Amino acid sequence: MVATIEWKNNKVVMLDQSRLPLEVRFIECADYHMVAEGIKKLWIRGAPAIGIAAAMGIALGAQEIKADSFAGFKKQLETVMQVLLSTRPTAVNIRWAVERIKKLLSANKDEPVSRLKQLLIEEANEILQEDIEINKAIGKWGAEFIKDGDTILTHCNAGSLATGGYGTATAPMLIAAKEQGKRIQVIADETRPVLQGARLTAWELMQAGVPVTLITDNTAGALMKKGTINLVIVGTDRTTRNGDVANKIGTYTVAVLCKEHRIPFYVAAPLSSIDFSMKSGELIPIEERGSEEVTTIWGHRVAPEGVNVINLAFDVTPAKYVSAIFTEKGAFKPGDIKKLAKKDADIEALRLKPR
Ligand code: MRU
């Protein structure tokens with residue numbers, strides 16, 4: 001599997017996901033503005049991946065700073081952080097990365113600026129490496145909920161490309177299929193408007209050797225009614241304290257369909273995507289993107305010039321539709337998610353076992 005993003009020769013190199021799978025092209029970002037542009041234009045996308053990109057963008061921005069004092073360095077770095085924070089509002093991972101970097105800076109106030117610059121590169125690389133391990137752990141817990149012969153529906157792309165590697169929603173599938181030998185099938189929603197399911201999830205799973213079938217978004221209900229789908233696993237951009245889940249537009253529709261057809265609806269959520277400070281899903285800022293994503297497909301216009309468009313990039317699925325949330329610490333009821341923020345939480349007792 002090709003790397004989503006890496007730090008190479010003092011540049012941030014990202015795989016251009018906006019061109020996949022027709023073109024496998026890497027973009028070298030020489031400054032943090034270009035990293036920010038890449039996040040906005042979906043060269044890199046997916047909550048954990050944009051968190052990593054933000055951390056690398058900050059490290060890149062730091063290299064350009066000319067300051068001798070900690071205060072001067074921090075002030076200029078604030079501007080870099082603000083630019084990256086303003087790229088995409090829904091995923092909490094960018095803010096999570098910024099907060100982690102701020103903590104690192106506070107703990108190293110007495111270091112010279114040259115050392116701080118180095119520490120920021122190391123931290124960004126560490127966030128990337130940790131992310132892969134976290135996804136494997138999510139996969140281990142999530143795979144317990146997958147049975148031999150299951151057909152799993154997923155929406156958007158919460159796979160390797162959306163993360164440092166391995167994916168969140170796809171990790172349980174990979175472990176079930178590749179390590180546990182379970183015979184599974186994956187159904188990928190194409191995921192309009194920009195087709196992350198068709199272009200990315202299908203591509204990725206085919207490369208990984210996991211059987212995948214592509215459907216249009218509006219086919220999911222019919223397949224559920226026929227009994228084809230046994231469970232759903234999706235990713236998340238931000239999960240709030242009460243277990244509400246923001247994810248790619250259309251996820252809510254899938255969750256409601258699951259309730260009607262009594263199909264478990266699971267969410268794979270690294271702790272970095274849980275916003276313990278936010279009470280509920282109505283407070284999540286929902287990104288609205290340009291109308292051309294809806295009026296065109298792959299650059300070809302399909303709607304009349306001048307038509308009004310609503311293009312919400314995400315929706316929020318209330319906790320009541322969520323059967324379990326898979327994290328790196330285990331699977332939990334959405335109502336128990338807030339308890340994970342407590343230092344003395346009895347994780348073992350909170351863990352949900354498959355039925
Ligand atoms: O607009 P995108 O492609 O960034 O949306 C991505 C999703 O909705 C993913 O499901 C989510 O970020 C989880 S990625 C592990």
Side-chain angles (χ1 to χ4, degrees), residues 4-5 14-20 38-54 87-97 128 131-132 134-139 142 153-174 188-205 217 232-239 245-255 265-275 281 284-290 293-294 311-317 322 325-328:
T4 310
I5 185 164
M14 49 178 81
L15 172 61
D16 180 1
Q17 299 190 30
S18 68
R19 308 297 311 159
L20 284 176
I39 297 173
K40 276 191 201 157
K41 292 189 171 162
L42 311 184
W43 300 342
I44 188 156
R45 32 66 51 204
I50 61 176
I52 298 163
T87 51
R88 297 193 77 190
T90 303
V92 74
N93 300 61
I94 297 184
R95 194 188 78 199
W96 172 88
L128 169 65
D131 187 65
I132 300 170
I134 286 168
N135 295 338
K136 288 184 180 164
I138 291 175
L153 177 95
T154 191
H155 189 72
C156 192
N157 172 265
S160 188
L161 292 161
T163 64
Y166 228 74
T168 61
T170 55
M173 303 172 195
L174 291 174
D189 277 347
E190 64 172 352
T191 317
R192 272 285 281 155
V194 295
L195 303 170
Q196 289 94 332
R199 297 187 302 104
L200 310 177
T201 304
W203 185 69
E204 228 184 82
L205 290 177
D217 297 330
V232 169
I233 311 179
V234 295
T236 175
D237 284 80
R238 186 186 308 232
T239 291
V245 172
N247 192 48
K248 179 53 56 196
I249 193 76
T251 302
Y252 170 63
T253 317
V254 173
F265 177 86
Y266 299 120
V267 176
L271 294 177
S272 60
S273 65
I274 299 176
D275 187 348
I284 300 175
I286 299 294
E287 177 183 4
E288 289 197 43
R289 295 185 60 86
E293 286 185 350
V294 179
N311 185 14
L312 303 177
F314 300 95
D315 59 27
V316 175
T317 299
V322 179
I325 298 183
F326 304 153
T327 76
E328 60 268 40

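Not measured: the values here are computed from a predicted model. Ligands are counted one by one from 1 in listed order, and the atoms in each one are counted from 1 as well.
Using a cut-off of 4.0 Å between Lys/Arg side-chain N and Asp/Glu carboxylate O, R95 and D275 are scored as salt-bridged.
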Can you give each donor-acceptor pair under 3.5 Å made by side-chain atoms of residues 164-173, sequence neighbours left out, with the distance rounded to 0.1 Å?
from : atom 1 : to   : atom 2 : distance (Å)
Y166 : OH     : E179 : OE2    : 3.4
T170 : OG1    : Y166 : O      : 3.1

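The closest side-chain heavy-atom distance from F314 to V316 is not below 4.5 Å.
A search for side-chain hydrogen bond (donor to acceptor under 3.5 Å, both in side chains) contacts involving R199 returns nothing, not counting sequence neighbours. R45 pairs by the side-chain hydrogen bond (donor to acceptor under 3.5 Å, both in side chains) definition with Q17, N157, not counting sequence neighbours.
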Between V245 and T251, is a side chain to side chain contact (heavy atoms under 4.5 Å, CB included) present by the stated rule, with each step listed?
CA-CA 9 Å; V245 172; T251 302; 5.7 Å; no

For ligand 1, list every N/O pair with the protein closer than 3.5 Å, one pair per line with the distance.
from     : atom 1 : to   : atom 2 : distance (Å)
ligand 1 : 1 (O)  : R88  : NH1    : 3.4
ligand 1 : 1 (O)  : R88  : NH2    : 2.8
ligand 1 : 1 (O)  : K248 : NZ     : 2.8
ligand 1 : 3 (O)  : R45  : NE     : 2.8
ligand 1 : 3 (O)  : R45  : NH2    : 3.2
ligand 1 : 3 (O)  : Q196 : NE2    : 2.8
ligand 1 : 4 (O)  : G46  : N      : 3.0
ligand 1 : 4 (O)  : R88  : NH1    : 2.7
ligand 1 : 8 (O)  : D237 : OD1    : 3.1
ligand 1 : 8 (O)  : N247 : OD1    : 3.1
ligand 1 : 8 (O)  : K248 : N      : 3.2
ligand 1 : 10 (O) : N247 : OD1    : 2.6
ligand 1 : 12 (O) : A47  : N      : 2.8
ligand 1 : 12 (O) : D237 : OD1    : 3.0
ligand 1 : 12 (O) : D237 : OD2    : 3.1

